[in-house]
Amino acid sequence: MDVVTRFAPSPTGYLHIGGARTALFNWLYARRHGGKFHLRIEDTDRQRSTQDAVDKIFDGLRWLGLEWDGEPVFQFARAKHHAEIAHQLLESGLAYRCYCSPDELTAIREEQKAKGQPTRYPGIWRDRDPSDAPPGIQPVIRLKAPQTGETVVPDLVQGEVRVANEQLDDMVLLRADGTPTYMLSVVVDDHDMGITHVIRGDDHLTNTFRQYQLYKACGWHIPHFGHIPLIHGPDGAKLSKRHGALGAEAYRDMGFLPEAMRNYLLRLGWSHGDDEIISTEQAVAWFNLDAIGRSPARFDLARLTTLNGHYLRQADDARLVELLVPLLAERLGRLVTESQQLRLKAGISGLKERAKTLTELADLALFYAKERPLPVDEKAARLLDEGGRALLEKLKPLIEGVAIWNRHNLEELARAYAEAQGQKLGSIAQPLRAALSGSTVSPPIFDVMEILGRDETMGRLVDALLSRQDA
RNA sequence: GUCCCCAUCGUCUAGAGGCCUAGGACGACGCCCUCUCACGGCGUAAACCGGGGUUCGAAUCCCCGUGGGGACGCCA
């Protein structure tokens, strides 16, 4: 049997991190088995569903590289069909009309709660003659669920999960206004879409019992289930908007790479021995459901950041420059010129191993794209004050005299000069760094000089020496 | 309250009865490398929730506590 999985978010917000992981697992499982991965938008809640949220989900999945097969299914569009199934169940006696009003049901629940009893619909209209129906009430349709025995769901992640049928009540399939409920819609859609493996958050685990009963009532083949534990915030509480439950695009904007995100999300709950760095290719080859842990995991930004640093260093230079240019333009408030882009291309390999996110990378790269005179930060200015300028003053003519402008010659020259001054190389390199990058942190300074070129380097040096009068 | 699920270093986890004086990774700390910052290398601290069983032997199996999470809607 071919594997068919799906990701079925409701478009009521962004694609949050838990949803992203669920999507990843479904995608991986399908790819692993050469099957299909479908996307279904559960937009039956007309009040809360928005087109904006749909777009965000699409964008988020695309950014993560989780392309779905075929066209996305919009659940609301299938509501009529869902209702038909409810009516079929009604005709075959597996469902019944319930004329209880919402107020009545609330009252029953309140009473049960007060008595410390489980809140269940007591099946008032299950066997009652419809002719007793009060006038003017639009009934709902409820499933006639088994009242004895137990429902056992074999779960690929959780193992065999069972519940006594007395614990379950007769769920509503069709609302009074004739629209289907979530329970009905999911089951019908999963069946119609030929879903073989339902991989979702374990907040759905208890729903599964009811869905199981519905499948049986419909006489349909029941898919395999795999309920994965939820992701929690750093404090162990349910992931909320306060911490971590950001949309995928928020992580993109923080400068994370999709491949890092995939690796991080994969390792959150799934493991393959001691492997930590797992490429998407390896993940596709290795992914399985039984290596998924059963306990919830906490979201750890530090770990994601480290992982991102790894993928950043691995990333192709040209790709990084492409990602970088808009970020720099944003910081500069202008376009990045051709020659500045060339510097970036030359400098990117030295920059990328110092950054953990694209945001950091942009901050680090900024000095290559800035126009003279360079602003000098506080720490760097101090380096220039403390005798730094004096050293640079004497170094300047030596640098000017370099015949072939490359990092090697420049470093040799600086080393010889430092030695002659009875100084360590650092005492020369740091003021140079301050003058040329405007900061105390940069790639190796002689690399920077080569990339900047003779004219720009000398210009920046002169700027730094002149600024003494201003200081 | 009722039901369901879960429980190894701060965090993510390895571990499927003896290989465990519990391994790896992130984070923390220290050292080395070094023109800064990173990277890299080396090292240190750090965990089997508690109690009962089963067994020659339990992190691993069972039970009970405790703790955490989830679900109990004419929301999805």
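All chains are named by letter (A, B, ...) in the order of the sequence lines, taking the proteins before the strands, and each is independently numbered beginning at 1.
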Think [X] has a side-chain N or O under 4.0 angstrom from the OP1 or OP2 of [N]?
| X | N | value |
| --- | --- | --- |
| A:T181 | B:A76 | no |
| A:T306 | B:G27 | yes |
| A:T44 | B:A76 | yes |

Is [N] paired to anything, Watson-Crick or G-U wobble with both distances less than 3.5 Å, and if yes, which nucleotide?
| N | result |
| --- | --- |
| B:C49 | B:G65 |
| B:A22 | none |
| B:U34 | none |
| B:C29 | B:G43 |

Quiz prompt | A:D177: side-chain hydrogen bond (donor to acceptor under 3.5 Å, both in side chains) partners, not counting sequence neighbours | solution = A:T179
Quiz item: Expressed in whole Å, how much space separates the C1' atoms belonging to B:G73 and B:G67?
Solution: 29 Å
Practice problem: Pick the P atom in B:G52 and in B:A16, then give their distance to the nearest Å. | Solution: 26 Å
Quiz prompt | Sugar-phosphate only, base, or nothing, as touched by A:D177 at under 4.0 Å among non-hydrogen atoms | solution =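 Touches nothing.
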Quiz item: With sugar-phosphate meaning primed atoms plus P, OP1 and OP2, does A:C98 contact a base, only sugar-phosphate, or nothing at under 4.0 Å between heavy atoms?
Solution: nothing
Practice problem: Decide side chain to side chain contact (heavy atoms under 4.5 Å, CB included) for A:D190 and A:R40; before the verdict, give the C-alpha distance in whole Å, the side-chain angles of both, and the deciding distance to 0.1 Å. | Solution: CA-CA 9 Å; A:D190 281 339; A:R40 183 171 71 230; 2.8 Å; yes
Practice problem: Sugar-phosphate means primed atoms, P, OP1 and OP2; the rest is base. With that split, encode nucleotides 2-18 of chain B 5' to 3' as B, S or - using protein heavy atoms under 4.0 Å. | Solution: BSSSSS---SBSS----
Quiz prompt | Letter per nucleotide, 5' to 3', of nucleotides 29-43 of chain B [B base touched, S only sugar-phosphate touched, - untouched; heavy atoms, 4.0 Å] | solution = ------BBBBSS---
Tell me the interatomic distance from [X], atom [atom1], to [N], atom [atom2], rounded to whole angstroms.
| X | N | atom1 | atom2 | result |
| --- | --- | --- | --- | --- |
| A:I228 | B:G70 | CD1 | C1' | 14 Å |
| A:D189 | B:A76 | CG | P | 12 Å |
| A:Q112 | B:G1 | CD | P | 16 Å |
| A:I277 | B:A25 | CD1 | C1' | 9 Å |
| A:E110 | B:G1 | CD | C1' | 13 Å |
| A:L304 | B:A25 | CG | C1' | 14 Å |
| A:D190 | B:A76 | CG | C1' | 13 Å |
| A:D169 | B:C74 | CG | C1' | 12 Å |

Quiz item: Is atom CD of A:Q421 surrounded by more than 12 heavy atoms (other residues, nucleotides or ligands) closer than 6.0 Å?
Solution: yes
Self-check item: Intermediate values then yes/no, side chain to side chain contact (heavy atoms under 4.5 Å, CB included), A:L173 and A:R142
Solution: CA-CA 5 Å; A:L173 300 176; A:R142 285 181 185 271; over 6 Å; no
Quiz item: Is a donor on one side and an acceptor on the other found under 3.5 Å between the side chain of A:D155 and the backbone of A:H227?
Solution: yes
Practice problem: Give a yes or no answer on whether the side chain of A:S271 reaches the backbone of A:G273 with a donor-acceptor pair at less than 3.5 Å. | Solution: no
Practice problem: Determine which pairs satisfy side chain to side chain donor-acceptor pair (under 3.5 Å) with at least one residue from residues 352-362 of chain A, sequence neighbours left out, and list them in order. | Solution: A:D317-A:K352
Exercise. Enumerate the residue pairs fulfilling side chain to side chain donor-acceptor pair (under 3.5 Å) with a member in residues 300-312 of chain A, sequence neighbours excluded, ordered by first and then second residue.
Key: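 Residue pairs passing side chain to side chain donor-acceptor pair (under 3.5 Å), neighbours aside: A:N263-A:Y311, A:E276-A:R303.
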Quiz item: Is the distance between the ring centroids of A:F76 and A:Y182 under 6.0 Å?
Solution: no
Quiz item: For A:W286, what residues pass the ring pair (Phe, Tyr, Trp, His ring centres under 6.0 Å) criterion, not counting sequence neighbours?
Solution: A:H272
